[in-house]
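Presented below is the structure to which this report refers.
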Amino acid sequence: MTLPSVGDVRWPGGVGPSPPVPPSGYTVATAPVSWTAPASMTALVLFGLWLNLPAVAVRFHGVPRGLAYVFFLLLAVPCATHLVRRRQPVLLPRPLWWMLAYFGAMAISGASSERPDEALDRLVAHVAEGLVLYLLVVNAVRGRTALRQALWALLLAGVVMGTLSIGQRLTRSYDNELGGLAQVADSSVSAEGGESHPRLAGPIGEKNRYAQVMLVLLAVATCLALEPDAPRRWRLAAAASSVPIGAGMLLTYSRGALVAAAVVLLGLGWLTGARRRHLVAGALLATAVVAMTAPETFARLAELRGATQLAGSRAQLVDGAVLGRAVENMAAARIAIERPLIGIGPAQARYGITAYGNELRLKRLVGPRRAHNMYLEELAENGVLGFIPFLGLLVSSVRAIGLRRRAADPALAVLAGLAAYLVSAVFLHLSYQRYFFLVLGLAAVAARSRESLAPLEVCPDQPAISSEPAPHRARDGRP
């Protein structure tokens, strides 16, 4: 097969014709000399955001909180390059309008709540870490090449986090948090022999949230490792990156993340057309990795069997954490039923959950508690008025990418990461929302990259890629 030719690309030695490139754009995406300044800076900022460097700098190194917001505003620099220098249009994807409607519903619900000041804080956070970050990501990451670079930047952040967690476990140096990049949660699990292992929380500082962001990367790495058109060395690199990422997720001992991982990886197997023997081999390999990395996980998963006793009179036999989450979710569902239209108000569900949950007399809740389910909590806080645009935001983001695609398309990796977040959200409320809206922004980029953007970035003054074959010319230059 003859590959399409591309325009001249600036190399260190000058301007010259570029070599043939696979349709996936891997050669240009991975050659350091082809990284334009906007794409490089965008990847660097996304690397820092996923590594949670701004929050770590504020909490552990005394950096003013305002500078944490300035960090992701650095994405405005590559945006300005695209908009001013290259005169490209401002991108306003369709899910943005659902996001604005969701913000409006939150404002109405917050104005009617008992604590409007706390609702206002939630609205400000939604604008800063949601709306603004979403627009910056969409307008900074342009094209399939830049999208692939962004995904690899996130995977690199995951490799760093997972490697630090592995080192922390092997050396038992749980008292050394490495400047905030390897934090330890205040809970632990017991292993055979009475040994106790702390649950690791990475740079996030919260064990279950750390597991969630690593699960997203695990799904992305799996997709990139399955790309048939990608060079073998990059598929191997993606597969290798899944080892520290998966180990970091396991060392959190998050049962919800493990259940979500099983669902997502099985879904990926179906979506990519994997054979049954490959799925069985993958399951056996995953089981072996769990047994070698964190064997205590099997005991944690066995505790989920007691959840079947919730409906009877033997609720006291259920694991305490499982029972607590069930009570919190039932309380959130009751709030949604009693206040169906506008809900109890943004950031207000944690107060109502404690009150309603204690009325169930299954487990006493102390202090404000949040629902461990993003969908139930959104319905309880913002009612149907807010849940409909929130659901529209999710559905439109998934539909914009689509399910029928070639496995070589990096958009499939974004879709897998988004699916991993949404499945794990069944067990977690919406917190650290910058990760959620960052993934949604990449989903909008993936949708646009398959519609109208060129798969490769060339110099602005050079011709774009043409899918038409070059006309045959004789030796004298005549057609």
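All values reported here derive from a predicted model rather than from experimental measurement.
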From CG (Leu430) to NE2 (His126), nearest 0.5 Å: 9.5 Å

Side chain to side chain contact (heavy atoms under 4.5 Å, CB included) partners for Val263, two or more places apart: Val423

Shortest non-hydrogen contact between Ala211 and Thr252, atoms and distance: CB-OG1, 3.2 Å

Test side chain to side chain contact (heavy atoms under 4.5 Å, CB included) applied to Leu164 and Leu178, step by step: CA-CA 9 Å; Leu164 293 178; Leu178 298 177; 3.6 Å; yes

Sole residue of Leu156, Leu154, Val160 in side-chain contact (heavy atoms from CB on, under 4.5 Å) with Trp50: Leu154

Nearest heavy-atom neighbours spanning Val159 and Ser241: CG2-CB, 3.6 Å

Leu217 side chain reached by Met249 side chain, heavy atoms, under 4.5 Å: no

Beyond-backbone contact of Ile344 with Ser113, side-chain heavy atoms, under 4.5 angstrom: no

Any Leu181 side-chain heavy atom under 4.5 Å of Met161 side chain: no

Value rounded to 0.5 Å, distance of CG in Leu44 from OG1 in Thr42: 9.5 Å

Nearest-0.5 Å distance that lies between atom CG in Asn329 and atom CZ in Arg325: 8.5 Å

Heavy-atom donor-acceptor pair, Gln149 side chain to Ser40 backbone, under 3.5 Å: no

Backbone of Pro203 reached by a side-chain donor or acceptor of Gln183 within 3.5 Å: yes

Step-by-step side chain to side chain contact (heavy atoms under 4.5 Å, CB included) determination, Val426 to Tyr375: CA-CA 7 Å; Val426 174; Tyr375 310 100; 4.0 Å; yes

Exam field: side chain His429 to backbone His372, donor-acceptor pair closer than 3.5 Å: no

Side-chain donor/acceptor of Asn139 to backbone N/O of Leu91, under 3.5 Å: yes

Pair Tyr421-Leu215, side chain to side chain contact (heavy atoms under 4.5 Å, CB included): steps then yes or no: CA-CA 8 Å; Tyr421 192 101; Leu215 171 62; over 6 Å; no

Counterpart residues, side chain to side chain contact (heavy atoms under 4.5 Å, CB included), relative to Ala105 (two or more places apart): Leu385

Pair Glu328 + Arg350, salt bridge at N-O below 4.0 Å: no

Donor-acceptor pair between Ser254 and Tyr210 side chains, under 3.5 angstrom: no

Pairwise side-chain contact, Leu136 with Phe72, heavy-atom cut-off 4.5 Å (strictly under): yes

Nearest atoms (heavy-atom pairs only) where Tyr435 meets Asn52: OH-CB, 3.4 Å

Minimum side-chain heavy-atom gap Phe427-Arg255 below 4.5 Å: no

Separation of Cys79 SG from Leu74 CG (nearest 0.5 Å): 11.0 Å

Glu381 side chain vs Ala347 backbone, donor-acceptor pair below 3.5 Å: yes

Side chain Gln348, main chain Pro346, donor-acceptor under 3.5 Å: yes

Leu379 vs Ile335 side-chain heavy atoms within contact, under 4.5 Å: no

Tyr432 side chain near Glu129 side chain, heavy-atom distance below 4.5 Å: no

Spatial distance of atom CG (Leu120) from atom CD (Glu118) [nearest 0.5 Å]: 11.0 Å

Sidechain-backbone polar pair: Glu177 side chain, Gly179 backbone, donor-acceptor under 3.5 Å: no

Any residue meeting side chain to side chain contact (heavy atoms under 4.5 Å, CB included) with Glu114, in chain and number order, not counting sequence neighbours: Arg339

Arg199 (side chain) donor-acceptor with Lys207 (main chain) under 3.5 angstrom: no

Side-chain heavy atoms of Leu131 within contact of Phe103, under 4.5 Å: no

Given Leu422, Val213, Leu133, Val216, the one that forms side-chain contact (heavy atoms from CB on, under 4.5 Å) with Phe436: Leu422

Short side-chain to backbone donor-acceptor contact, Ser112 and Ser109, under 3.5 Å: no

Centroid-centroid under 6.0 Å between Tyr134 and Phe437 rings: no

Residue pair Ala157 / Leu51: nearest heavy atoms and the distance that separates them: O-CD1, 3.7 Å

Geometric class of the Tyr102/Phe390 ring pair [parallel <30°, tilted 30-60°, perpendicular >60°]: tilted

Atom pair CG/CG of Leu412 and Leu226 - distance to nearest 0.5 Å: 8.5 Å

Check: Arg448 side chain, Val138 main-chain N or O, donor-acceptor pair, under 3.5 Å: no

